[in-house]
There are 2 protein chains.
Amino acid sequence: MKFDLDKLNKVFDNRIRVGIMSGLMVNESLSFNDLKEYLSLTDGNLASHLKNLEESQYITVTKGFIGRKTNTTYSATEEGKMAFKQHLTYLENLIKELK
Amino acid sequence: MKFDLDKLNKVFDNRIRVGIMSGLMVNESLSFNDLKEYLSLTDGNLASHLKNLEESQYITVTKGFIGRKTNTTYSATEEGKMAFKQHLTYLENLIKELK
DNA sequence: TAAAAGTACTTTGAATTACAAAGTTAATTA
DNA sequence: TAATTAACTTTGTAATTCAAAGTACTTTTA
């Protein structure tokens, strides 16, 4: 039997990106500061993981305002949601096998 | 709400180590070559991930023979099994929340 | 109106991690 | 005795991760 490593998505091989994605699966969108607080990260670290997810086309970025303050929000794309679900499904199957 | 990153075990933040552990959850023990074939890895890469898991005390190493050939086998420790289960349980809860 | 603070980054640099490839040791089989 | 096998270790490079500092722009506060 072979274990197909490629079924586990490399993008999600990181706890922070898993955290971002699960936030964005439950919430239609989250702001930079929401995510920063949600995950207790520094600006730079958060920004770099968001960039990674954006480059993978798993999230989209929308720049807007709340009142007069800038407000950037992030949402999971359909592709991102599917990829994340697939990743979790594969892990879920692992779990089942182990029981 | 906060996402507790520490509930996701850093040791399992890697596909190869997840693969090794799930192999060792299902099989009482596996040889170096079993694992090498199971995961399609080079010797060096496999050895380094095994070392990581051993240092984390999640697996044990037993050096023996099959006939006259050397045969090293690896097994998950109780601690390793628990840690891996906990990791997967936390992911499982994530999955549930997303449904 | 000048200074301080907030938002959302980017840049820099260091530390850690991952990985392939080659080398090693010791036994074994052709 | 030469080649093969097992299980590594070493070496070196590339990629990843992360904090901290810097930036640009706007807004609020003193």
Side-chain angles (χ1 to χ4, degrees), chain A residues 3-21 23-24 27 29-56 58-75 87, chain B residues 2-21 23-24 27 29-75 87:
Chain A
F3 184 90
D4 189 359
L5 287 174
D6 293 331
K7 288 202 176 147
L8 292 175
N9 193 325
K10 257 210 152 181
V11 176
F12 304 132
D13 220 5
N14 171 286
R15 300 175 302 159
I16 292 173
R17 290 192 295 271
V18 166
I20 293 170
M21 285 307 291
L24 293 179
N27 302 279
S29 72
L30 291 170
S31 71
F32 190 85
N33 278 329
D34 288 342
L35 286 166
K36 199 172 101 179
E37 209 238 329
Y38 180 52
L39 297 162
S40 315
L41 299 176
T42 58
D43 288 17
N45 196 10
L46 174 58
S48 74
H49 286 293
L50 288 169
K51 198 175 160 193
N52 178 314
L53 288 169
E54 200 194 347
E55 281 166 359
S56 305
Y58 290 169
I59 64 171
T60 51
V61 183
T62 308
K63 280 156 197 291
F65 291 87
I66 286 188
R68 339 189 99 197
K69 282 190 183 172
T70 58
N71 182 259
T72 306
T73 58
Y74 302 86
S75 296
H87 180 80
Chain B
K2 291 250 180 187
F3 183 90
D4 188 358
L5 288 175
D6 293 330
K7 288 201 177 151
L8 293 175
N9 191 325
K10 260 210 153 183
V11 176
F12 304 132
D13 219 6
N14 172 285
R15 300 175 302 157
I16 292 174
R17 290 192 296 270
V18 166
I20 293 170
M21 285 307 291
L24 293 179
N27 302 280
S29 72
L30 290 170
S31 71
F32 190 85
N33 278 328
D34 288 341
L35 287 165
K36 199 171 101 179
E37 210 237 330
Y38 180 53
L39 297 161
S40 316
L41 299 177
T42 57
D43 288 17
N45 197 11
L46 174 57
S48 75
H49 286 293
L50 288 170
K51 197 174 158 192
N52 178 315
L53 288 168
E54 199 194 345
E55 281 166 1
S56 304
Q57 292 180 288
Y58 290 170
I59 65 172
T60 51
V61 183
T62 308
K63 281 158 197 289
F65 291 87
I66 286 188
R68 334 189 103 198
K69 281 192 185 171
T70 59
N71 183 258
T72 306
T73 59
Y74 302 86
S75 297
H87 181 81

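Quick note on labels: first sequence line is chain A, next is B, and so on, each numbered from 1.
Listed pair A/Thr42 / D/dA19 meets the phosphate criterion, a side-chain N or O lying under 4.0 Å from OP1 or OP2. OP1 or OP2 of C/dT7 has not a single side-chain nitrogen or oxygen of A/Asn71 nearer than 4.0 Å. Checking the phosphate oxygens (OP1, OP2) of C/dG6, no side-chain nitrogen or oxygen of A/Asn33 falls inside 4.0 Å. At D/dC18, one or more side-chain N or O atoms of A/His49 fall inside 4.0 Å of OP1 or OP2 (strictly under the cut-off).
Rounded to whole Å, atom P of C/dT16 lies 17 Å from atom CG of B/Asn14. Rounded to whole angstrom, the span from the CG atom of A/Leu46 across to the P atom of D/dA20 amounts to 16 Å. Atom C1' of nucleotide D/dC8 and atom CG of B/Leu41 are separated by 15 Å, given to the nearest angstrom. Taking atom CD1 of residue B/Ile66 and atom P of nucleotide D/dA6, one finds them 10 Å apart after rounding to whole Å. The distance from atom CG of B/Leu35 to atom P of D/dA6 is 14 Å, rounded to the nearest whole Å.
Between A/Glu37 and B/Lys2, some side-chain heavy-atom pair lies under the 4.5 Å cut-off. Looking at B/Leu50 and B/Phe32, their side chains come closer than 4.5 Å, going by heavy atoms from C-beta outward.
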List every contact pair, protein side and nucleotides 9-13 of chain C side both N or O, where the distance is under 3.5 Å.
{"residue": "C/dC9", "atom": "OP1", "partner": "A/Lys63", "partner atom": "NZ", "Å": "2.4"}
{"residue": "C/dC9", "atom": "OP2", "partner": "A/Thr72", "partner atom": "OG1", "Å": "3.4"}
{"residue": "C/dC9", "atom": "OP2", "partner": "A/Tyr74", "partner atom": "OH", "Å": "2.4"}
{"residue": "C/dC9", "atom": "O5'", "partner": "A/Tyr74", "partner atom": "OH", "Å": "3.4"}
{"residue": "C/dC9", "atom": "N4", "partner": "A/Asp43", "partner atom": "OD2", "Å": "3.3"}

Protein and nucleotides 27-30 of chain C: nitrogen or oxygen contacts under 3.5 angstrom:
{"residue": "C/dT28", "atom": "OP1", "partner": "B/Arg68", "partner atom": "O", "Å": "3.0"}

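Under the side chain to side chain donor-acceptor pair (under 3.5 Å) criterion, A/Asn45 pairs with A/His49, not counting sequence neighbours. For A/Asp4, there are no salt bridge (charged side-chain N to carboxylate O under 4.0 Å, His left out) partners two or more places apart in sequence or in a different chain.
Of the possible donor and acceptor atoms, one in the side chain of B/Arg17 sits under 3.5 Å from a partner among the backbone N and O of B/Val11. Without hydrogens or angle criteria, B/Asn27 side chain to B/Leu30 main chain gives no donor-acceptor distance under 3.5 Å. Not one N or O on the side chain of B/Asp13 forms a donor-acceptor pair closer than 3.5 Å with the backbone of B/Lys10.
Across every non-hydrogen atom of B/Val18 and B/Phe12, the tightest pair is CG2-O, 3.3 Å.
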Derivation of the side-chain contact (heavy atoms from CB on, under 4.5 Å) call for B/Leu41 and B/Ile16
CA-CA 9 Å; B/Leu41 299 177; B/Ile16 292 174; 3.6 Å; yes
Going through the distances and angles, do A/Asn33 and A/Lys36 end up as a side-chain contact (heavy atoms from CB on, under 4.5 Å)?
CA-CA 5 Å; A/Asn33 278 329; A/Lys36 199 172 101 179; 3.9 Å; yes
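Considering B/Ile20, B/Leu35, B/Leu53 as possible partners of B/Tyr74, the one that fulfils the side chain to side chain contact (heavy atoms under 4.5 Å, CB included) test is B/Leu35.
Among the atoms of the strands shown, none is found under 4.0 Å from any heavy atom of B/Arg15. When heavy atoms are screened at a 4.0 angstrom cut-off, B/Ile16 is found touching the sugar-phosphate backbone but no base atom.
Remark on DNA chain D: of its neighbouring residues B/Thr73 and A/Asn52, the 5'-side contact belongs to B/Thr73, judged by nearest-heavy-atom nucleotide. Residues A/Lys10 and A/Lys36 both approach DNA chain C. Their nearest nucleotides, taken by heavy-atom distance, put A/Lys36 toward the 5′ side.
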Enumerate donor-acceptor pairs with a distance under 3.5 Å from any side-chain N or O in residues 56-65 of chain B to protein atoms, sequence neighbours excluded.
{"residue": "B/Ser56", "atom": "OG", "partner": "B/Asn52", "partner atom": "O", "Å": "2.9"}
{"residue": "B/Tyr58", "atom": "OH", "partner": "B/Asn9", "partner atom": "ND2", "Å": "3.1"}

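Within the helix from C/dT1-D/dA30 to C/dA30-D/dT1, the inter-axis angle between the opening and closing five-pair segments is 10°, rounded to 10°.
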